[in-house]
Each structure stands twice: as structure tokens, then as C-alpha cells.
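Since the model is a prediction, treat every value here as computed from it, not as a measurement. The analysis underlying the following values was restricted to heavy atoms, covering all of them including side chains, and did not include hydrogens, waters or symmetry mates.
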Amino acid sequence: MSTMWERLSRMMPGKEEQQLEIFQAIRKSRSRKYMAGSAIAEPQEVFEVLNLAADQRGQCQMDLVREGKKYSFSCDYMVVSKHSMALIYTNDSKRIPLEPGAEVIVYFQIRKMGKYQFYAFNAPIVATAKESQHSWVLQFAIPECLECRQRRAAIRVSPDKKLFRRVMIWSMPSLRVGLKSDPVKDWGKPFVIFVTGKTEQNFVKDISASGIRLQLPYRQYADKLQSLSTGAHFAMLLSLESVNGAPSETFLMIMRVRNQRTSDDSRFIEAGFQFAALSSPPKNIDDEVVWRDIRSKEGMIERLARWITAWSLEDLRKSNRFM
């Protein structure tokens, strides 16, 4: 099997500086905490991954740095042809300098064999065209290399549903860190509830040490779209089964909505949440809850990260995908 450097050399003959830049970027992605990294440099494999992403019409994320300022935005879907590709961007009133020549990082995912796989690539915008009043087409050349990495620093996984022992989510007002909230018994009916063996639907799509994404049936939650607006706060009680040496865990956290979208077939609402505050789960439902900053030294997020890492290693072992 050829090394990554040899594959880059074949892909980019006479471009040693660009080879070194890509190689160093790949090595950097491998060294990040909670992240495993590798890359795809074979043209046919790159094309197949992009083509599958286009067929699945998943949302793409993009980052652009211009004059010291970082812009982050989403693209609705991807279109791929033999020698070029395009991303469809809906202008949401943000003034983002997306002129030809602008260098961006594109993040996307595919679903394969029941698992989500994450990729990223760096590329300059070749051309832009206005598709409608609020939509733009951003054209790129097919990238020479795809990095197997995620946008976030904490790895995002989709564990087996049976490993979620309990998921309960309540709509909450904005809370300041350090303040007490009413006892759990006064929070009202959960917005989302899943208990192994008692309820059938588990709406967790993926989870990381920094947030969680839910996939909610549209018909069941259409009337709650307004409560899922960006910035809205929710409390979550999350209980996880033990896995690969990591003990079972229970977490109580405040999280805020970062984004939400309706799937192309209008079957699901996908909502992404970022963890904002945490607390030790109360022993009794009559106890008040004291919220602490997510970066506090109680080690709860580290415990969640270790659980996710343990599951990832077990998943790699079972699927024989060790690199």
C-alpha cells in the first residue's frame, strides 16, 4: 500500500509546496483531541464520495477567512459533474465575500452502511452565479484530496440506539450560570422523551462532547418549530449504557439551539444543539438544580468525551476499519 506522501506525489507532480501543505494539514487533523484522521487522494474514490454526497443531498458547511474575519455558513446541497462541482447557497442576508478566488473549507457528510462518514476539503471558488433572488451557485474544481475529518474539534458519532438508556428534554427559559432553577418536578412535560423498553422512538442522530443533533418526525413536531428557533434553551437528561470499558453515565445539561432545518422530503426536522451549562443530576425530583459553566472543572464533559471515544474504538474494532 502506498503512503499518503506517495499518493499526493502522483496526484500533484511537480507541486512539492502544495503536497507539503496538504500533508501537514492532514497530520494536524490527526493530532486533534477526540479526532481520528486520514485522507482520500485517489481521483476515482474522491469522485465517488462527492457523488454520493450529492445524491444524498445533505447540507454542507463552509468556512471562509477574509481580512482576519471568519465567516461560517451552510449550503443547501451539492451538484457534481465529471470535472467540476457546485454548492447551492441561499443568501440569508449575511454579507459574505464569496467572489471567485476566495479560499474556503467545505465540510460535508455521507451515510454509508448505516454509518455517517465526515469529510472536508480546501478549495478556491472558481465562479459564482445567481440562481434566484436569494440563491447563488458556487462553482469549484473537483478537489484533489478529501480529508476524513469533521468541522468540530470533538468527534461526532452515531451510536447504536440501544446505548441510550434515557433521553429527556424540556423547554427552558434562558438561565444564567450559577443560578438555581426550579426542581425537576416543576419543569413540566418533556419536549422529547425516550426510555429504553418503554418508548419506541429515539430521535438522537449524532452526539459529541460539545453538542447533540436530533432528527424529529415532522408531523409530530411541526407545531413546535417556533420553539426550536436559534438560541432557544432546553434542559436534557441523558443516560448512556456502558461501552468498551467506559462506565454507564448520566448527564444533566442546558443546551441551546444552533440550527434547525427540514429535510428535503419534509419527513424530519433536524435540530442541532450546543451544550451550554451542566449540573449534577439531582437525587430527588424535589431538589433544586444549580447550573455551572460547561467548562467547569467537574469533568463531566471529559467523561462524555471518553464515552464517545470508547464507542468509536469499539465501532472501529467491529467493522475492522483500523487505519
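Between F164 and F194, the ring centre distance reaches or exceeds 6.0 Å.
A salt bridge is defined here as a Lys NZ or Arg NE, NH1 or NH2 lying under 4.0 Å from an Asp or Glu carboxylate O, and E270 with K205 meets this definition.
Between I254 and L278 the shortest side-chain heavy-atom distance does not fall below 4.5 Å. With a 4.5 Å cut-off on side-chain heavy atoms, I193 and V167 do not count as touching.
Side chains of S74 and Q61: a donor on one and an acceptor on the other come within 3.5 Å. One side chain, T250 or S239, offers a donor N or O that lies under 3.5 Å from an acceptor on the other. Side-chain N/O atoms of S72 and D63 include a donor and acceptor closer than 3.5 Å.
Annotation: R111, atom CZ; neighbour count of heavy atoms from other residues, nucleotides and ligands within 6.0 Å is above 12.
Residue pairs meeting the salt bridge (charged side-chain N to carboxylate O under 4.0 Å, His left out) criterion with at least one member in residues 228-239: none, sequence neighbours excluded.
Between W311 and D160, the shortest heavy-atom contact is NE1-N, 3.9 Å.
For Y119, the side chain to side chain donor-acceptor pair (under 3.5 Å) test picks out Q117, with sequence neighbours left out. With sequence neighbours excluded, the residues satisfying side chain to side chain contact (heavy atoms under 4.5 Å, CB included) with P217 are Q201, F203, Q220, Y221.
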*asked:* Assess the residue pair F121 and F108 against the criterion (side chain to side chain contact (heavy atoms under 4.5 Å, CB included)); give the C-alpha distance rounded to whole Å, side-chain angles, the decisive distance to 0.1 Å, and a yes or no.
replied: CA-CA 9 Å; F121 64 88; F108 66 96; 3.9 Å; yes
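Both the sub-6.0 Å distance and the 45° axial angle are satisfied by R57 relative to the ring of Y77.
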